[in-house]
There are 2 protein chains.
Amino acid sequence: MTTLGYALLGLLAREPFSGYELAQKMKAPIGCFWHAKHSQIYPELAKLKAQGLVNHELVEQQEHPDKKVYTITPAGRDALRQWVTAPMEVPHVRDELVLRAYSLWLADPQAAILLFRTHEQRHVEQLRRYEALQQKLMEEAGAKQQVDSPDFSSYVTLALGIGYERLYSEWCRWVAEQFEQADTTL
Amino acid sequence: MTTLGYALLGLLAREPFSGYELAQKMKAPIGCFWHAKHSQIYPELAKLKAQGLVNHELVEQQEHPDKKVYTITPAGRDALRQWVTAPMEVPHVRDELVLRAYSLWLADPQAAILLFRTHEQRHVEQLRRYEALQQKLMEEAGAKQQVDSPDFSSYVTLALGIGYERLYSEWCRWVAEQFEQADTTL
DNA sequence: TCCCTCATGTAAAAGGTTACATGATTTA
DNA sequence: TAAATCATGTAACCTTTTACATGAGGGA
């Protein structure tokens with residue numbers, strides 16, 4: 001089983017979805033930290049079906065094309081439950097902007113300021129979106145959050161997403177400021 | 001040009017290295033946020049050579065096999081300088097542990113505590129390593145850090161690495177605590 | 001009329017990991 | 001004697017991205 005397979009099971013464990021809906025969900029990263037495109041999702045769903053981890057039924061529609069709605073099976077739920085807490089290596093992160101920062105000493109200062117201010121903005125925007133989601137989650141789910149409710153899991157991943165975007169946007173701002181100050185010092 | 005190619009140029013812009021040395025460097029993530037294995041590095045160096053972005057000379061050794069020491073060319077340095085501040089999309093992060101957290105509501109609480117305490121520890125260890133590196137960098141480079149010095153770039157990436165590991169380890173601890181508290185509440 | 005959304009796929013290419021392959025020297 | 005380090009590569013495989021492919025219905 002691939003990680004993508006478990007990502008799909010993780011969504012289907014909450015409620016049934018069609019391949020198209022799963023693809024929509026995974027445009028914006030699920031749990032803030034995973035994404036996939038439809039070209040990867042459709043074949044993966046076929047594999048999950050072949051392994052008996054999901055079923056699908058054809059839902060006929062008048063005004064839109066028919067769709068296959070996938071449901072997780074008890075076997076799928078078991079596989080997911082086992083995977084969630086299985087031993088795991090620390091995943092190594094890859095981030096191109098930070099890799100660039102490693103060679104930033106070569107850069108044109110004005111171009112560096114522009115790049116980092118742009119990314120600061122984008123991460124602030126993502127932060128605002130996550131905060132809005134959190135707000136919504138708090139209103140809907142309230143204090144009834146228990147560790148065995150899906151809302152709790154969503155809240156947990158959102159919390160890291162918010163911390164991450166806050167850290168990242170502040171780092172971008174700080175880097176930009178270093179170049180701005182160096183510029184006025186000359 | 002691939003991102004890996006620029007990662008290698010970024011190291012070679014600082015000082016010459018052999019393929020083996022580059023592979024050693026990229027076991028631990030360069031700038032905290034990129035890594036690669038030797039099987040990817042050797043072919044990439046050949047491509048950089050073919051494009052005239054690096055040169056290499058054979059250094060003969062008595063007690064070890066001979067090695068090819070790579071040096072960046074002016075064209076390589078130019079390409080790197082351009083890439084560093086070129087427009088770029090926000091890279092989407094992938095993190096398996098956070099993806100698992102999204103389905104944590106299904107998990108066995110004790111297994112969840114074990115997993116997150118384990119990862120908390122590992123990220124704390126990485127944090128300590130980064131802090132030691134920062135300490136060393138401060139002592140060596142001191143306050144002379146200017147935006148156009150490689151030490152400044154190293155410092156900038158380390159700063160994010162430290163922030164990231166601190167955030168991540170605290171998040172792991174917090175998640176584990178949620179399950180520990182839920183456990184005693186029953 | 002043209003583009004967007006809904007809906008499902010396949011194919012080719014790129015990027016990355018694991019395993020295969022070789023061989024000398026040093027350390028336990 | 002066995003394992004680790006130094007040193008350089010290739011091959012097979014897996015994952016992910018980009019592009020190809022089709023087609024109906026609704027809105028500008």
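Note that the structure is a prediction, hence the values are computed from the model and not measured. In the text below, chain A, chain B and the rest are named by the order of the sequence lines, each starting its count at 1.
Note that R100(B) lies outside the cation-pi zone of F116(B), set by a 6.0 Å cut-off to the ring centre and a 45° limit from the axis.
In terms of position along DNA chain D, the nucleotide closest to D66(B) lies nearer the 5' end than the nucleotide closest to the other residue of the pair D66(B) and W34(A). Between P43(A) and H92(A), the residue anchored closer to the 5' end of DNA chain C is P43(A), taking for each the nucleotide with the nearest heavy atom. With the nearest nucleotide of DNA chain D identified for both K47(A) and Q62(A), K47(A) has the one nearer the 5' end.
The side chain of H38(B) has dG9(D) as its nearest neighbour among dG16(C), dG9(D), dG9(C). You'll find that the side chain of Q24(A) is closest to dC6(C), out of dC6(C), dG16(C), dT26(C). Nearest nucleotide to the side chain of P65(A), out of dG9(D), dG23(D), dT8(C): dG23(D). Listed nucleotides dA7(C), dC6(D), dT26(C) differ in distance to Y42(A); the shortest reach to its side chain belongs to dA7(C).
To the nearest angstrom, P of dT8(D) lies 16 Å from CE of M26(B). To the nearest angstrom, C1' of dT5(C) lies 13 Å from CD of E21(A). The separation between E60(B) atom CD and dT25(C) atom C1' is 17 Å, rounded to whole Å. Atoms OH (Y6(B)) and C1' (dA14(C)) sit 16 Å apart, rounded to a whole Å. For E44(A) and dT16(D), the CD to C1' distance is 12 Å, given to the nearest whole Å. Atom P of nucleotide dT18(C) and atom NZ of K27(B) are separated by 13 Å, given to the nearest angstrom. Atom CD1 of I41(B) is separated from atom P of dA7(D) by 14 Å (rounded to the nearest Å). Atoms CD (Q40(A)) and P (dG16(C)) sit 14 Å apart, rounded to a whole Å.
Regarding contacts with the backbone of dT8(D), every side-chain N or O of Y20(B) stays at 4.0 angstrom or more from both OP1 and OP2. OP1 or OP2 of dT17(D) lies within a sub-4.0 Å distance of a side-chain N or O belonging to R94(B). Between dA7(D) and Q61(B), a contact under 4.0 Å exists linking OP1 or OP2 to a side-chain N or O.
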Next on the checklist: What verdict does the ring-ring contact (aromatic ring centres under 6.0 Å, His included) test give for F33(B) and Y164(B), after you've listed the backbone C-alpha separation in whole Å, the side-chain angles of each residue and the deciding distance to 0.1 Å?
Outcome noted: CA-CA 10 Å; F33(B) 290 87; Y164(B) 176 79; 5.6 Å; yes
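When heavy atoms are screened at a 4.0 angstrom cut-off, K37(B) is found touching base atoms of the nucleic acid. Contact annotation for H35(B): backbone-only contact, meaning every heavy-atom pair under 4.0 Å involves sugar-phosphate atoms and none involves a base. Using a 4.0 Å heavy-atom criterion, one finds that S39(A) contacts the bases of the nucleic acid, with or without backbone contacts as well.
In this structure, the side chains of K49(A) and N55(A) come closer than 4.5 Å at one or more pairs of heavy atoms. Contact check for L97(A) versus Y168(A): side-chain heavy atoms found under the 4.5 Å cut-off.
In this structure, T73(B) contributes its side chain and G52(B) its backbone to a donor-acceptor pair below 3.5 Å.
Of the N and O atoms on the side chains of Q126(A) and Y130(A), at least one donor lies less than 3.5 Å from an acceptor on the other residue.
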